[in-house]
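Below is one structure, written out as structure tokens; the observations come after it.
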Amino acid sequence: MSGHLQAMIILWTGVLLFPAWRLGEPRAHAATAPAERREVRIPIEDFVLTDQHGRSFAFGRMHGKVVLVTFVYTSCPDVCPLITAAARAVQTELAPAERGAVQLLTITTDPEIDSPQTLRAYAGRYGADLTNWAFLTGDAGGLSRVWKNFGVRVRRRGRGLVDHTPLSCLVDASGVMRVAYVGASPDPRALLRDIRGLLTGSPERAR
């Protein structure tokens with residue numbers, strides 16, 4: 001393993017274990033901090049969750065596509081709306097030819113409240129085009145494994161109130177997470193550049 005890759009792994013691990021939005025910190029503080037971009041290489045294991053229509057959704061079906069994955073919960077008052085709005089801005093700017101090669105996934109961090117019906121209503125509030133955007137929930141055990149694979153820490157503080165790592169990330173066509181944005185307000189323009197870079201083989205090409 002190269003020294004550069006080791007350094008990247010150490011930096012990434014540090015962000016996940018000690019994010020700028022630490023568990024238990026005031027939520028308003030998190031909403032003021034812009035997302036930090038990091039290039040990573042983290043293989044994502046296949047998983048099966050339930051989409052906004054109550055249908056089974058297998059991540060393995062996304063092989064061959066660039067996938068924008070975000071983690072939110074629908075009753076979040078601050079950070080999650082910013083993350084979802086950024087994803088919607090990205091979807092809006094994708095060219096017709098790009099839409100077939102790009103999938104958006106929003107994964108809940110609050111399965112107690114976020115049923116398929118709740119997620120479908122949430123998607124509607126943002127005008128999400130569900131042709132290439134799925135909103136996913138599942139049982140606590142299955143979601144915990146997904147959160148862990150992506151490096152997302154989740155702590156439920158009460159009904160409808162959850163602390164979690166504010167992660168938006170891009171997974172390449174081979175199922176490897178390549179770019180992570182940790183924090184609120186990921187820049188849609190930067191996300192688009194990285195998506196287009198991955199569509200041509202490397203996120204660096206879009207910078």
Side-chain angles (χ1 to χ4, degrees), residues 35 44-96 98-156 158-173 175 177 180-181 184-186 188 191-192 195:
I44 301 301
E45 300 173 3
D46 192 16
F47 58 83
V48 179
L49 294 174
T50 302
D51 72 10
Q52 69 279 353
H53 298 299
R55 298 182 301 219
S56 180
F57 185 100
F59 182 73
R61 288 169 29 203
M62 299 299 100
H63 186 82
K65 294 187 177 185
V66 173
V67 186
L68 168 58
V69 184
T70 58
F71 292 85
V72 308
Y73 66 102
T74 61
S75 58
C76 174
D78 42 42
V79 174
C80 299
L82 298 175
I83 290 173
T84 305
R88 176 57 178 147
V90 168
Q91 186 185 49
T92 300
E93 293 299 319
L94 289 172
E98 294 171 329
R99 287 197 172 213
V102 177
Q103 175 73 34
L104 287 75
L105 297 181
T106 292
I107 300 174
T108 185
T109 57
D110 188 8
E112 179 184 22
I113 288 181
D114 290 342
S115 65
Q117 296 82 1
T118 301
L119 289 172
R120 189 164 64 249
Y122 181 80
R125 292 203 299 272
Y126 287 87
D129 180 352
L130 299 179
T131 59
N132 71 329
W133 193 346
F135 291 74
L136 305 180
T137 188
D139 62 73
L143 280 166
S144 293
R145 290 188 290 274
V146 175
W147 298 333
K148 182 177 180 180
N149 191 188
F150 280 91
V152 173
R153 297 182 66 187
V154 177
R155 186 181 72 180
R156 182 175 176 273
R159 182 169 176 80
L161 190 58
V162 178
D163 286 341
H164 65 92
T165 309
L167 176 67
S168 306
C169 65
L170 295 176
V171 178
D172 68 16
M177 188 198 305
Y181 288 81
S185 301
L191 284 166
L192 276 167
I195 287 170

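The chain is numbered in sequence order, starting from 1.
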Suppose we screen for side chain to side chain contact (heavy atoms under 4.5 Å, CB included). Which residues come up paired with H63, at least two apart in sequence or across chains?
none
Ignoring hydrogens and geometry, is there a side-chain-to-backbone donor-acceptor pair from R99 to Q91 under 3.5 Å?
yes
Checking T92 now: which residues fulfil side-chain hydrogen bond (donor to acceptor under 3.5 Å, both in side chains) with it, not counting sequence neighbours?
none
To the nearest 0.5 Å, what is the distance between CG on L82 and SG on C76?
8.5 Å
Are side-chain N/O atoms of S168 and T70 paired as donor and acceptor at under 3.5 Å?
no
Identify the heavy atoms of V72 and D114 that sit nearest to each other, and give their distance.
O-OD2, 4.4 Å
Provide the closest heavy-atom pair for L191 versus P186 in the form atom of the first, atom of the second, distance.
CD1-CB, 4.0 Å
Take L94 and L192, measure what side chain to side chain contact (heavy atoms under 4.5 Å, CB included) needs, and give me the verdict at the end.
CA-CA 8 Å; L94 289 172; L192 276 167; 3.9 Å; yes
Of all heavy-atom pairs between F71 and I83, which one has the smallest distance, and what is that distance?
O-CD1, 4.3 Å
If we only count heavy atoms from C-beta on, is the V171 to F150 side-chain gap below 4.5 Å?
yes
Would you please test D110 and T74 for side chain to side chain contact (heavy atoms under 4.5 Å, CB included) and show each step?
CA-CA 8 Å; D110 188 8; T74 61; over 6 Å; no
Identified ring-ring contact (aromatic ring centres under 6.0 Å, His included) partner of F47 from the options W147, F57, F59
F59
Check for a donor-acceptor pair, side chain of D51 on one end and backbone N or O of A134 on the other, with a separation under 3.5 Å.
no
Do you know which two heavy atoms are closest between L143 and G138, and how far apart they sit?
CD1-O, 3.5 Å
Nearest atoms (heavy-atom pairs only) where L105 meets L136:
CD2-CD1, 4.2 Å
Rounded to the nearest 0.5 Å, what separates atom CZ in R61 from atom OG in S56?
7.5 Å
Does the side chain to side chain contact (heavy atoms under 4.5 Å, CB included) test come out yes or no for H53 and L130, once each step is laid out?
CA-CA 10 Å; H53 298 299; L130 299 179; 4.1 Å; yes
Checking R120 side chain against Q52 main chain: does a donor-acceptor pair fall under 3.5 Å?
yes
Please indicate whether Q117 has more than 12 foreign heavy atoms, meaning atoms of other residues, nucleotides or ligands, lying under 6.0 Å from its CD.
yes
For residues P116 and G54, report the shortest heavy-atom separation together with the two atoms involved.
CB-N, 3.8 Å
Inter-residue atom distance D172.CG - M62.CE, 0.5 Å rounding
14.0 Å
Is there a side-chain contact between I107 and V152 in this structure, where contact means two heavy atoms from C-beta onward sitting under 4.5 Å apart?
no
Look only at the side chain of N149 and the backbone of E45, and say whether a donor-acceptor pair between them is shorter than 3.5 Å.
yes
Could you give the distance from CG (L170) to OH (Y181), rounded to the nearest 0.5 Å?
6.5 Å
Is T137 reaching over with its side chain to a backbone N or O of P111, donor-acceptor style, under 3.5 angstrom?
no
Partner set under ring pair (Phe, Tyr, Trp, His ring centres under 6.0 Å) for Y126, not counting sequence neighbours:
Y122
